[in-house]
Structure formats: C-alpha cells, structure tokens
**Q** 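Pasting in a structure now, in structure tokens, and then I'll have a few things to ask.
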Number of protein chains: 2
Amino acid sequence: MENTRELFQIMTRRFGFLNKNCCSVGDHDISLVQSHILYEIDRQHHPSMQQIADTLGIDITTFSRQIQSLVKMNLVKKTPSSEDRRVSILSLTPGGKDAAAAIDKKMNAYLNEVFSHMSDFEKEIVVRSIRLLNSCMAKSAGCCNPMG
Amino acid sequence: MENTRELFQIMTRRFGFLNKNCCSVGDHDISLVQSHILYEIDRQHHPSMQQIADTLGIDITTFSRQIQSLVKMNLVKKTPSSEDRRVSILSLTPGGKDAAAAIDKKMNAYLNEVFSHMSDFEKEIVVRSIRLLNSCMAKSAGCCNPMG
DNA sequence: ATATATATTCGCAAAATACAACTAATCCCA
DNA sequence: TGGGATTAGTTGTATTTTGCGAATATATAT
C-alpha cells in the first residue's frame with residue numbers, strides 16, 4: 001500500500017464487492033442499485049421520485065423503471081402527493097422494510113466482523129475518520145456531492 | 001450521521017460517484033470497469049487474464065471482451081507467457097500507462113481537494129485509519145477479499 | 001492417452017441505461 | 001383568468017453491459 005489513491009481504490013472496491021454480495025434477500029434478488037434505493041427511501045422524509053434519483057445520481061427514466069420493479073416486488077409503494085399531484089411520494093412497504101433491515105443487518109455484521117480485528121480505541125478513530133472524510137467530501141466543490 | 005453503516009454507505013457511494021466521474025481520458029471514453037482493469041494491470045506483476053478477472057470479480061467471458069476493447073483502443077497488450085503458452089500476460093501500452101496516469105492524477109487531485117479541508121494531522125489520522133481498515137477487511141473471513 | 005486448465009468465441013437472454021417524445025399537473029404573469 | 005412555460009413522471013426505442021452455457025483450440029499435467 002504505497003500511495004493514498006491506492007489505499008482508497010482498494011477500500012472502495014472492497015466495499016463494492018461487499019455491497020454486491022449483500023443484496024440477495026429472501027425470495028427476491030435485489031441489485032446493488034436497488035439496495036441503495038431502498039436505503040434512501042428509508043432514510044429520507046417522504047421523498048419524491050426526483051429526490052431519490054438526484055440523491056443517487058440516476059437518470060429519472062432509469063429510476064422510474066427501477067421503482068416499477070420494486071413496486072412489482074412489493075417492496076416500495078408510490079403515493080400521489082396531496083400537495084402536488086404530479087409527484088409520487090415513495091415509501092417502503094412492510095416487505096421493503098424487512099428487506100432494508102436484512103441488508104442493514106448483513107452490512108453491520110460484516111462491519112462488526114471487520115472491526116473485531118481492531119481495538120475499541122482503533123475502531124473509534126476509524127469511525128471518526130470516516131465521519132471527517134464524509135464531511136470533507138461534502139464540502140468539496142468538485143464532483144460527487146449528491147447528498148446535499 | 002447516526003450509525004456506522006450509514007457512514008460507510010454514504011462514503012462508498014461518494015467514491016462510486018467519484019470513480020464514475022473520473023473515467024473520460026483523452027480521446028477515449030473509459031468505463032468504470034475499464035479503469036479498474038487498467039489500474040490492476042498496472043499494479044500486478046505480469047498478470048494473466050484469469051488473475052485480473054478474479055481480482056475484479058468479473059466473469060472471464062465478459063473480461064475477455066473488455067480486454068479486446070482495450071487492445072483495440074491501444075491501451076493494453078497481450079503477450080503469450082513463455083512459461084505456459086496457454087496464458088496471456090497483460091501489460092499496459094504507453095498509451096495505457098498515460099491513461100492510467102491521467103486517471104490517477106484526477107483521483108489524487110480530488111483526494112487532495114478533500115484533504116485540503118483538514119489539517120495535516122487529521123489527514124495523517126484518516127490515511128492511517130483507511131490503511132487499518134483495509135488490513136482488517138483483508139483479514140476478514142467473510143466476503144470481499146479479492147486482493148489477496 | 002486422458003484429463004485438466006487457460007482462454008476465445010458464439011448465441012442467447014436479462015438488465016441497466018440514455019435519449020426523445022409524450023402526458024398530466026402546476027406555475028406564472030400579462 | 002387564460003395560455004404558454006415548466007416540472008414530474010412515464011413510455012418507446014435503441015444501445016450497452018453483463019452473465020451463462022456450450023463448443024472450440026491449445027497447452028499442460030498425470
């Protein structure tokens with residue numbers, strides 16, 4: 001591990017693999033993108049289609065079809081907004097919540113397993129570091145600021 | 001930012017976006033996957049097809065096609081191994097090295113920009129943390145250990 | 001000789017994605 | 001208030017990527 005970029009390249013790839021491996025839940029296969037969609041719907045407050053699509057940087061037409069799939073799978077519900085009947089408010093069905101929870105569990109289990117190889121002190125430092133990194137990435141003028 | 005998983009979810013997504021945005025170099029458009037392939041060919045010592053495909057978790061038939069594209073773009077060279085003439089040794093052409101260097105430059109520029117929002121001390125801590133995280137992920141029994 | 005390993009190729013099907021064109025609802029301002 | 005512009009979302013169409021299975025070629029191992 002020589003340089004900084006290498007460090008980050010490997011780390012993000014490992015997380016990529018992690019994501020990939022963590023997305024078959026119950027009887028449905030959930031793609032990486034779909035797991036991010038579920039995650040964001042759960043996280044945001046009565047989000048619209050456009051909101052989630054923007055957050056994830058997905059084209060709205062692609063997103064529309066993804067949502068159709070998730071609705072068919074009974075994981076997501078679309079409700080017309082009472083304020084603006086053009087917009088659809090997204091929410092997780094009970095099944096969707098279960099799926100999100102199952103993915104969350106898997107991810108946390110893996111993270112705990114990883115953290116089990118460090119001391120509590122080290123873990124604390126690492127978590128703080130990631131938090132700092134996130135806030136600095138958010139400050140960054142350039143690219144990748146989909147979260148606001 | 002409440003829990004640990006959220007922290008990592010957001011971080012890896014931001015890096016995903018970063019990767020996505022960093023892959024148009026010169027006259028060729030380089031996809032995310034292709035940039036990872038270039039990166040790994042550069043990093044490994046006289047790698048074979050199978051080696052890189054395994055590292056990146058890509059199906060060998062898909063990988064074969066990707067390599068064909070990269071060879072056509074004059075970024076990658078295939079050389080039959082002298083030890084085992086079934087295997088093709090992969091290497092970067094001068095153009096491939098340029099492309100890899102250009103991507104590296106973009107990534108490092110972004111990382112520096114991110115780090116510019118912290119003190120030297122904080123940066124040091126963060127880099128150490130990522131290094132520790134990588135080594136613990138490598139130790140992890142479970143999934144995502146494509147690097148060896 | 002037979003089995004095994006590396007890689008290529010082909011056909012197929014599924015999925016993701018993008019662009020353009022479209023509908024429907026809302027906004028705005030003259 | 002009315003009509004054009006704008007916005008949210010959908011749908012048609014086409015492209016691309018990917019994976020799987022099977023067949024092939026070639027080289028290596030037992």
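We name chains A, B, ... by the order of the sequence lines, and we start the count at 1 in each one. Worth saying up front: this structure is predicted, and the values here are computed from it rather than measured. Side-chain atoms are counted along with the backbone in the values below, which use heavy atoms only and exclude waters and symmetry mates.
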**Q** If a pair satisfies side-chain hydrogen bond (donor to acceptor under 3.5 Å, both in side chains) and one of its residues is in residues 68-83 of chain A, list it, with sequence neighbours excluded.
**A**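 Matches after skipping sequence neighbours: none remain.
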
**Q** Would you kindly say whether A/N108 and A/N112 are connected by a side-chain donor-acceptor distance under 3.5 Å?
**A**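 Distance-only check fails for A/N108 and A/N112.
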
**Q** A/R85: what forms a salt bridge (charged side-chain N to carboxylate O under 4.0 Å, His left out) with it, not counting sequence neighbours?
**A**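 Partners of A/R85 under the salt bridge (charged side-chain N to carboxylate O under 4.0 Å, His left out) test: none.
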
**Q** Under 3.5 Å, which N/O atoms of the protein pair with N/O atoms of nucleotides 19-22 of chain C?
**A**
from: C/dC19; atom 1: N4; to: A/T61; atom 2: OG1; distance (Å): 3.1

**Q** Can you confirm whether B/R5 is buried at CZ, in the sense that more than 12 heavy atoms of other residues, nucleotides or ligands lie under 6.0 Å from that atom?
**A**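 Counting neighbours around CZ of B/R5, more than 12 heavy atoms of other residues, nucleotides or ligands fall under 6.0 Å, so yes.
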
**Q** Round to a whole Å and report the spacing from CD1 of A/I30 to C1' of C/dA16.
**A**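 From A/I30 CD1 to C/dA16 C1': 17 Å.
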
**Q** Give the intermediate values and the outcome of side chain to side chain contact (heavy atoms under 4.5 Å, CB included) for residues B/L90 and B/I67.
**A** CA-CA 9 Å; B/L90 299 174; B/I67 290 295; 4.0 Å; yes

**Q** Between protein and nucleic acid, restricted to nucleotides 25-28 of chain C and to nitrogen or oxygen atoms under 3.5 Å apart, what atom pairs and distances do you find?
**A**
from: C/dT26; atom 1: OP1; to: A/R85; atom 2: N; distance (Å): 2.9

**Q** When you compare the side chains of A/E122 and A/H117, does any donor N or O come within less than 3.5 Å of an acceptor on the partner?
**A**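 Absent: no donor and acceptor within the cut-off.
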
**Q** Can you check whether B/L7's main-chain N or O pairs, donor with acceptor, with A/N134's side chain at less than 3.5 Å?
**A**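 Looks like yes, one N/O pair under 3.5 Å.
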
**Q** Categorize A/S31 for me: base, sugar-phosphate, or nothing, with a 4.0 angstrom heavy-atom threshold over every strand shown.
**A**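 Here A/S31 touches the backbone only, sparing every base.
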
**Q** Under 4.0 Å, counting only non-hydrogen atoms across every strand here, what does A/S88 touch: a base, just sugar-phosphate, or nothing?
**A**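 Contact class for A/S88: sugar-phosphate only.
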
**Q** Compare side-chain N and O positions of A/Q66 against OP1 and OP2 of C/dA15 and report whether any pair is under 4.0 Å apart.
**A**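 No.
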
**Q** Could you go step by step and tell me if B/F63 and B/I37 meet the side chain to side chain contact (heavy atoms under 4.5 Å, CB included) rule?
**A** CA-CA 9 Å; B/F63 186 75; B/I37 294 174; 3.8 Å; yes

**Q** Calculate the interatomic distance between A/Q68 atom CD and C/dT17 atom P; express it in whole Å.
**A**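 Computing the A/Q68:CD to C/dT17:P distance gives 14 Å.
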
**Q** Specify the separation, in whole Å, of atom CG of B/D29 and atom C1' of C/dA18.
**A**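 In whole Å, C/dA18 C1' and B/D29 CG are 14 Å from each other.
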
**Q** What's the CG-C1' distance between A/L32 and C/dA15, to the nearest Å?
**A**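 Going from CG in A/L32 over to C1' in C/dA15 covers 13 Å.
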
**Q** Could you give the CD1-to-P distance, from A/I58 to C/dA15, as a whole number of Å?
**A**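 Distance, rounded to whole Å: 16 Å.
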
**Q** Within the side chain of A/T62, is there an N or O that forms a donor-acceptor pair under 3.5 Å with the backbone of A/I58?
**A**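 No; judged by distance alone, with no hydrogens or angles, the pair does not exist.
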
**Q** Apart from B/V87 itself, what residues make up its hydrophobic cluster when side-chain heavy atoms of I, L, V, M, F, W and Y under 4.5 Å apart count as a link, directly or indirectly?
**A**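 B/I89, which link up through side-chain heavy atoms under 4.5 Å apart, make up the rest of the cluster.
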
**Q** Under the side chain to side chain donor-acceptor pair (under 3.5 Å) test against A/T55, which residue among A/Q50, A/E40, A/Q44 passes?
**A**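 It is A/Q44, the one option of A/Q50, A/E40, A/Q44 that forms the side chain to side chain donor-acceptor pair (under 3.5 Å) with A/T55.
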
**Q** What is the first contacted nucleotide of DNA chain D and what is the last, in 5' to 3' order, if contact means an atom lying under 4.0 angstrom from a heavy atom of chain B?
**A**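 Listing 5' to 3', DNA chain D meets chain B from D/dT18 to D/dT28.
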
